[in-house]
Amino acid sequence: MAAEREPPPLGDGRPTDFEEQEDGEDLFTSTVSTLESSPSSPEPTSLLTEDVSTNSNGPKPAEVVLDDDREDLFAEATEEVSLDSPEREPILSSEPSPAVTPVTPTTLIAPRIESKSMSAPVIFDRSREEIEEEANGDVFDIEIGVSDPEKVGDGMNAYMAYRVTTKTSLSMFSKSEFSVKRRFSDFLGLHSKLASKYLHVGYIVPPAPEKSIVGMTKVKVGKEDSSSTEFVEKRRAALERYLQRTVKHPTLLQDPDLRQFLESSELPRAVNTQALSGAGILRMVNKAADAVNKMTIKMNESDAWFEEKQQQFENLDQQLRKLHASVEALVCHRKELSANTAAFAKSAAMLGNSEDHTALSRALSQLAEVEEKIDQLHQEQAFADFYMFSELLSDYIRLIAAVKGVFDHRMKCWQKWEDAQITLLKKRETEAKMMLANKPDKIQQAKNEIREWEAKVQQGERDFEQISKTIRKEVGRFEKERVKDFKTVIIKYLESLVQTQQQLIKYWEAFLPEAKAIA
Amino acid sequence: MMEGLDDGPDFLSEEDRGLKAINVDLQSDAALQVDISDALSERDKVKFTVHTKSSLPNFKQNEFSVVRQHEEFIWLHDSFVENEDYAGYIIPPAPPRPDFDASREKLQKLGEGEGSMTKEEFTKMKQELEAEYLAIFKKTVAMHEVFLCRVAAHPILRKDLNFHVFLEYNQDLSVRGKNKKEKLEDFFKNMVKSADGVIVSGVKDVDDFFEHERTFLLEYHNRVKDASAKSDRMTRSHKSAADDYNRIGSSLYALGTQDSTDICKFFLKVSELFDKTRIKKQNITSNPDALPHLQLPSESPPPAMKIEARVSADEDLKLSDLLKYYLRESQAAKDLLYRRSRSLVDYENANKALDKARAKNKDVLQAETSQQLCCQKFEKISESAKQELIDFKTRRVAAFRKNLVELAELELKHAKGNLQLLQNCLAVLNGDT
């Protein structure tokens, strides 16, 4: 992918080596010369190649707050940070069309250099062909781990605190390695904040793990049995995957809420995530309203791509659900198999004991041992089945729900646009009527309104185009991620199967001579 | 749907040639060789073609076949049991009734649910169920065969007249299944027998050998029962897991064909791995005493998870069936011991009666003769029982050895095959990415 991109035409034509430099001097030289169209709107882009370290400057990396307001948003374009990981691919931001003012920042890793001395936002423009939309690099220099679940408090107010460890070389974080304690509702709070900011503009925000009243209650009550430890482990793994997915998203990574979540030692308690809070109820009402709306909105789909994609995702959703059900059944049966094997092992041992032919007795005891070990194997395999395969599938089922949500937002956006157009029409009619009736003050008012609504229509159109564009990009990114994810996980899973078979071979090979030795 | 399963003439013809249910010590001698060459499954009965090759003079021909049903086997078995002369032998356990009910139910349900699933799914499930049916069928055939072979191999039983009639009389034996009254009688007889057994077992045996055998058999029988049940459960779970693999395979396949990205190739390859297609002929003999008939697929190595299903099938064969068989055999051995103890008690009672008669000097002759009879009976039983029990042990050890060895070998073979497939698949997948 890197090959397809050309290095940005640099003012000084030389890559600046960022590892050593701490000042932002060279930051300017490389970027300014490449300004293209639309001088008015600052647009962030950045282009990276693996061996060229260029820094395009957006001013403050922190200001990636996407609102619907038309503020110019800057993002920092960044690139390759360390030269020793050649597989790092440059991250690109796609360039929004010049006509659209609100800019969606597609952001990248901050270079080690602090871009402090930015006075004016300097923007990049890249021609579309140079920037590959799909070339969003995969490897961000940030690693997240969720570990050490521990129970805090007692009784029904108890909760599990998880340690979130971040290792990064990104400069937007104050340290390179740090960890904080978070609880489950914190994660949910993070998700709800991100969702409120990004979902309706078309970004696919990874969904948070699901609440589970039963599971948590068991933990709170303090049942120290295997099912509650399993529950905690399952949740821990899910939270880890959630965070990893979230930070992989270039836009979300820049979000200050995310940063605060990862960094700050104290986090305001996210009360809105409780199901029975005011916010919770509001959410439910909204969801119901949305569902009704969805049924009533009839959108003229001008872009076949969207229709196709929606259909694809529907199909994918169905298939994944079926597959997930089968895998869950497998997990269940495997666990059963393991239990039954253990029971059989014991029984075989007893049989061996009562057998009075010594060699046979010994062989039967050996068989019992083999079966016991196999039972262990089955258990481990069941875990692998579950944590690798089944959880991947359920994650993706939820992700696809998020994708569908994004499509729905687009529809809503279209609806808004449509409504604005209809209102404009009505206002025009009113104006015409006023003209006929010859009421000058009303005419003025009507004209004002018309202006207002014209602007709204324009905005609506812009929003709609923006969201469509974003969705296209996001879907592309999602598909790539999905492919990668599935491939990685399935390969890992197959490898676990390989291991199981190898172990089985070992065990049976050990048993065979014993069986042959029965005389 | 039953129609399609009605014909099963080819099941046993070719493959099982040469590996008949011959035990380690069921030496096939020219004198008498029995096997089931064919079997037909009809609505609710199975017809076995019993084929005999013999050089014995009592038979009219050297080679002949008759058609028998399950009830006739039972009749034969019961005639042995009821024959006093055979009290001193371990009567080979009767073959269990062919039970296709579960399979039939499933097929019926499948038929009813035909509308609710895709054509592909339906055919797949149908294939699965048919294969299951086939497997059960083969097992039941094998068990009937074992019974006959054991009888044929037994030096005394093989001479039994009923047995010869069974083998030769080429018309219906008109053996009807027991009607209700007879079944009830049987039930009571069994109850009495077990009550009696308890009483009789309280009598300490003079002979150490038998005493030891009795305690041993009792314990052994219970443990075998337990092991057999657990082994059954284990193989059943294994089979469910293998079935899941099948479903996963087809889901992956569906995903692969529908996906638009390049992951579809990936999915298809992996689905190949998981999917299993039924093997047409599953040569399974459940005879624990049989020579091994290893499944050697003639085509290319089967998909991995087909192997998984095979593993569970083999486990079922080598382990579960072995244990089940020995459950029945140990029961038969226990029965022998019971008969012996019974005759011992009778003998002792006769002694006491004789003493009493002598004391009263009344019916002495009668008492003497009955005592003598009992004595003879007891001694006869004891003698043959001893030999039988020793044989039983030898047979048991040999059968376990064979089956355990085979089990281990098959498990190894399958694991290695599986491993190979997985590694191949991984190589392809890794190469792609």
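Chain letters run A, B, ... following the sequence lines, proteins first and then strands; every chain starts at 1. Scope of the values below: all heavy atoms of this structure, side chains included, with no hydrogens, waters or symmetry mates.
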Tell me, do [X] and [Y] make a side-chain contact under 4.5 Å, heavy atoms counted?
X: B:Leu323; Y: A:Leu351; answer: yes
X: B:Leu421; Y: A:Gln501; answer: no
X: B:Phe400; Y: A:Leu364; answer: yes
X: B:Leu412; Y: A:Leu504; answer: no
X: B:Leu419; Y: A:Leu497; answer: no

Taking only residues two or more places apart in sequence or in another chain, which ones pass salt bridge (Lys or Arg N to Asp or Glu O under 4.0 Å) with A:Asp485?
A:Arg245

Please name all residues satisfying ring-ring contact (aromatic ring centres under 6.0 Å, His included) with A:Tyr493, sequence neighbours left out, ordered by chain then number.
A:Phe389

For A:Phe344 and B:Lys230, which heavy atoms make the closest approach, and how far apart are they?
CA-CB, 3.8 Å

Tell me, which pairs form a salt bridge (charged side-chain N to carboxylate O under 4.0 Å, His left out) where one or both residues lie in residues 489-510 of chain A, sequence neighbours left out?
A:Glu509-B:Lys416

Can you say whether B:Tyr220 sits under 4.5 Å from chain A via the side chain, the backbone, both, or neither, judging by heavy atoms?
both

Using heavy-atom distances under 4.5 Å, tell me whether A:Ile505 contacts chain B through its side chain, its backbone, both, or neither.
both

Spacing of CG belonging to B:Leu404 relative to CG belonging to A:Leu360, to within rounding of 0.5 Å:
7.0 Å

Suppose a student defines contact as a heavy atom less than 4.5 Å from any heavy atom of chain B. Which residues in residues 324-333 of chain A would they list?
A:Ser326, A:Val327, A:Ala329, A:Leu330, A:His333

Which one wins on heavy-atom pair count under 4.5 Å against chain A: B:Arg247, B:Arg401, B:His238?
B:Arg401

